[in-house]
Amino acid sequence: MRVLDFTRREPSLHLQPGGFVTEAGETNPAAIGATMRLSRYFLPILKETPREAEIVSHRLALRAGLIRQESAGIYAWLPLGLRVLNKICAVIREEQNRSGAVELLMPTIQSADLWRESGRYDAYGKEMLRITDRADREMLYGPTNEEMITEIFRGYVRSYKALPLNLYHLQWKFRDEVRPRFGTMRSREFLMKDAYSFDLDKESARHAYNRMFVAYLRTFDRLGLKSIPMRADTGPIGGDLSHEFIILASTGESQVFCHKDYLDFPVPGADTDFDSVEGLSTIVSKWTSLYAATEEMHDQAGFDAIPEASRVSARGIEVGHIFYFGTKYSEPMKAVVAGPDGVERPVHMGSYGIGPSRLVPAVIEASHDEAGIIWPDAIAPFDAAILNLKPGDSATDRVSGEIFEALRTRGLDALIDDTDERPGGKFATADLIGLPWQIIVGPKGLADGKVELKRRATGERMTLTPAEAVERIAG
RNA sequence: CGGGGUAUAGCGCAGCCUGGUAGCGCGGUAGUUUUGGGUACUACAGGUCGCAGGUUCGAAUCCUGCUACCCCGACCA
């Protein structure tokens, strides 16, 4: 029997320095609603490993019921996976907003004419999915949005007084990869946060770049990842203003080399002043002071200069990429602003990408064991699993519900396993889907008024009263 | 885009070589049993054998064409 509960207060939005957050400080917009009972949920877990899945994150994403492949490189997000994706997006939004970026939303479908202006329509190649509408107009499914954001910008902004400006959006994109693989790690359709900065000159653009640099350090840290900014190829623009943010994972797709000290660098706090040119510049200098490079940019001599004990040679996954490209688009597309001197000049731009749909497998790669996923607290689809070992038993039913409500009051989401599966199966499922906490509510423990609390990441178990367990999780 | 594979029940697979109208495990349903780390047993349901053509009395099986998907490489967030 499904019990709907509409008594929970709706979170009200109000503006805080860091942007929009909900009343309880929740980052998950999906966290509202009825008591979450597994028997009423949609969690199609797989006991056996699907044949197509090669790497661990793909296997676990399929087994834990996060995603389902619909075509090569195209995936449906199942409820559990969607919750993770939404939580990742929420963290990204908060950090983008904190850094001063402003969210908008651009369409997935774009006009070919727009891309002809920048000259990229012919240059982009077969990766671009080209389509025609009923009037035979040439359209495309956007692989990125530099042209469109430049078009929007030039339509409104004429003066340097509107600068600096950084506009971002979270939108699905499509790149017709020759070989999509590894689940959503490298899919053809993918979700992307891309931000675009507009500044009067290169010096201001560098500060815009630094804002994103620091925002990215904070974002990945909040997602439970150790990210390392690595020099990336700047192509024809040149300069040092392009970095890939790499996380280390043994199954990573590319070889990376860096100084060990990066792993212990303190991440800038929430109180960082993003308007301080000096402050951000200091942080970025520190984070770019030591050797760090992907295979493509690797300089063996530079790496060898590091003391041997401090050399890290590992596999990495690219989870973010920031880029200053100057007037590459503003010039051909005539996005110009008047400076204080009254002279019009093309704006200096940068673009800054993070792939949330790629971060899901990236996090799994970085955080799992033989039994399944281990979600970091910040992006776990639910904060805790309540394993009712004997549904139908009045005591276990009651205590499970009470714990759920107590957690909800503390702003935490739990998923109650009220299925009639055997205890062993419930333990296996809970380990597989990787919620940070498991609260095991069984007749044996309740005879002493106790439940068992298990921390998924460490395997640590504690026998506690229900109230103590809630306190331990929420506190 | 080059090379190599695969396609049979929701999932994982066998059957194909040597043509005779489809089977196993898991999962599902019903029941008995069990009850703190994927319990055991019984019964039942579920498949135009990727699609199209051909050979044959007869094709999952042999032949031809097509499609989809996977792996390695090159390429990319």
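Lettering of chains follows the sequences in order, A, B, ..., and the numbering in each one begins at 1.
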Please report, rounded to the nearest Å, how far the C1' atom of B:G37 is from the CG atom of A:L432.
-> 14 Å
Protein-nucleotide distance (A:L446, atom CG; B:U35, atom P), rounded to Å | 18 Å
Starting at atom CD1 of A:I246, determine the distance to atom C1' of B:C76, rounded to an integer number of angstrom.
-> 13 Å
With a non-hydrogen cut-off below 4.0 angstrom, is A:S187 in contact with a base, only sugar-phosphate, or nothing?
-> base
Between A:Y41 and A:F382, how do the two ring planes meet: parallel, tilted or perpendicular, split at 30° and 60°?
-> perpendicular
Between B:C70 (P) and A:I74 (CD1): distance, integer Å = 11 Å
Between A:H207 and A:F274, does the ring centre distance come in under 6.0 Å?
-> no
Would you classify A:I354 as touching base, sugar-phosphate or nothing, given that sugar-phosphate means primed atoms plus P, OP1 and OP2, and contacts are heavy atoms under 4.0 Å?
-> nothing
Gap in Å between the two C1' atoms, one belonging to B:C17 and one to B:G3, rounded = 26 Å
Nearest-Å distance once atom C1' is located in both B:U61 and B:A7 = 15 Å
For A:A428, which contact category applies under a 4.0 Å heavy-atom criterion: base, sugar-phosphate, or nothing?
-> base
Using a cut-off of 4.0 Å on non-hydrogen atoms, how would the nucleic acid contact of A:G445 be classed: base, sugar-phosphate, or nothing?
-> base
Interatomic distance where NZ belongs to A:K126 and C1' belongs to B:C76 [whole Å] = 16 Å
Please tell me if the side chains of A:I322 and A:Y216 come closer than 4.5 Å, counting only heavy atoms from C-beta onward.
-> yes
Measure up the A:H348 and A:Y324 rings against each other and bin them: parallel (under 30°), tilted (30 to 60°), perpendicular (over 60°).
-> parallel
Between the side-chain atoms of A:R179 and the base atoms of B:G3, is any donor-acceptor pair under 3.5 Å?
-> no
Donor-acceptor pair between A:S197 and A:Y352 side chains, under 3.5 angstrom = yes
Under 3.5 Å on both distances, the Watson-Crick or G-U partner of B:C1 = B:G73
5' precedence on RNA chain B between A:E189 and A:G424 (nearest-nucleotide basis) | A:G424
Could you state the CG-C1' distance from A:D448 to B:G36, rounded to the nearest angstrom?
-> 14 Å
For the pair A:F257 and A:F303, name the ring-plane relationship: parallel under 30°, tilted 30 to 60°, perpendicular over 60°.
-> perpendicular
Given B:C76, B:C26, B:G36, which nucleotide is nearest the side-chain atoms of A:K47?
-> B:C26
Ignoring backbone atoms, establish whether A:R422 has a side-chain N or O less than 4.0 Å from OP1 or OP2 of B:U39.
-> yes
Please state how far atom CG in A:D420 lies from atom P in B:U39, giving the value in whole angstrom units.
-> 12 Å
Could you give the distance separating B:C24 and B:C41 at their P atoms, to the nearest angstrom?
-> 15 Å
Could you run down nucleotides 5-12 of chain B 5' to 3' and tag each one B, S or - for protein heavy-atom contact under 4.0 Å?
-> -S----BS
Supply the atom-to-atom distance A:R206 CZ to A:F213 CZ, rounded to the nearest 0.5 angstrom.
-> 11.5 Å
With rounding to whole Å, what would you report as the distance between B:U39 and B:G27 at their P atoms?
-> 8 Å
Validation row: A:P356, A:L170 side chains within 4.5 angstrom (heavy atoms) | yes
For RNA chain B, whose closest nucleotide is more 5', that of A:L191 or that of A:K454?
-> A:K454
Base-pairing assignment for B:G36 (Watson-Crick or G-U wobble, both under 3.5 Å) = none
SB check A:E103 A:K193 (cutoff 4.0 Å) | no
Side-chain donor/acceptor contact of A:R181 with base of B:C69 under 3.5 Å | no
Could you measure between the two C1' atoms, the one in B:A43 and the one in B:U33, and give it in whole Å?
-> 15 Å
Which is true for A:G442 with a 4.0 Å heavy-atom rule: it touches a base, it touches only sugar-phosphate, or it touches nothing?
-> base
Does a side-chain N-to-carboxylate-O contact under 4.0 Å join A:E117 and A:R154?
-> yes
Mind checking the P distance from B:G2 to B:G20? Whole angstroms is fine.
-> 38 Å
Who is the Watson-Crick or G-U wobble partner of B:U6, with both distances under 3.5 Å?
-> B:A68
To the nearest Å, how far apart are A:Y75 OH and B:C70 C1'?
-> 10 Å
Euclidean distance for C1', B:A45 against B:U56 (whole angstrom) = 35 Å
For A:D431, which contact category applies under a 4.0 Å heavy-atom criterion: base, sugar-phosphate, or nothing?
-> base
B:G36, B:A74, B:C76: which one has an atom nearest the side-chain heavy atoms of A:E177?
-> B:C76
Sticking with atom P, work out how far B:C26 lies from B:C70, rounded to a whole angstrom.
-> 29 Å
Candidate nucleotides B:G36, B:G38, B:G37, ranked by approach to the side chain of A:E452 - the nearest = B:G36
For B:C41, which nucleotide in any strand shown is its Watson-Crick or wobble partner with both distances under 3.5 Å?
-> B:G31
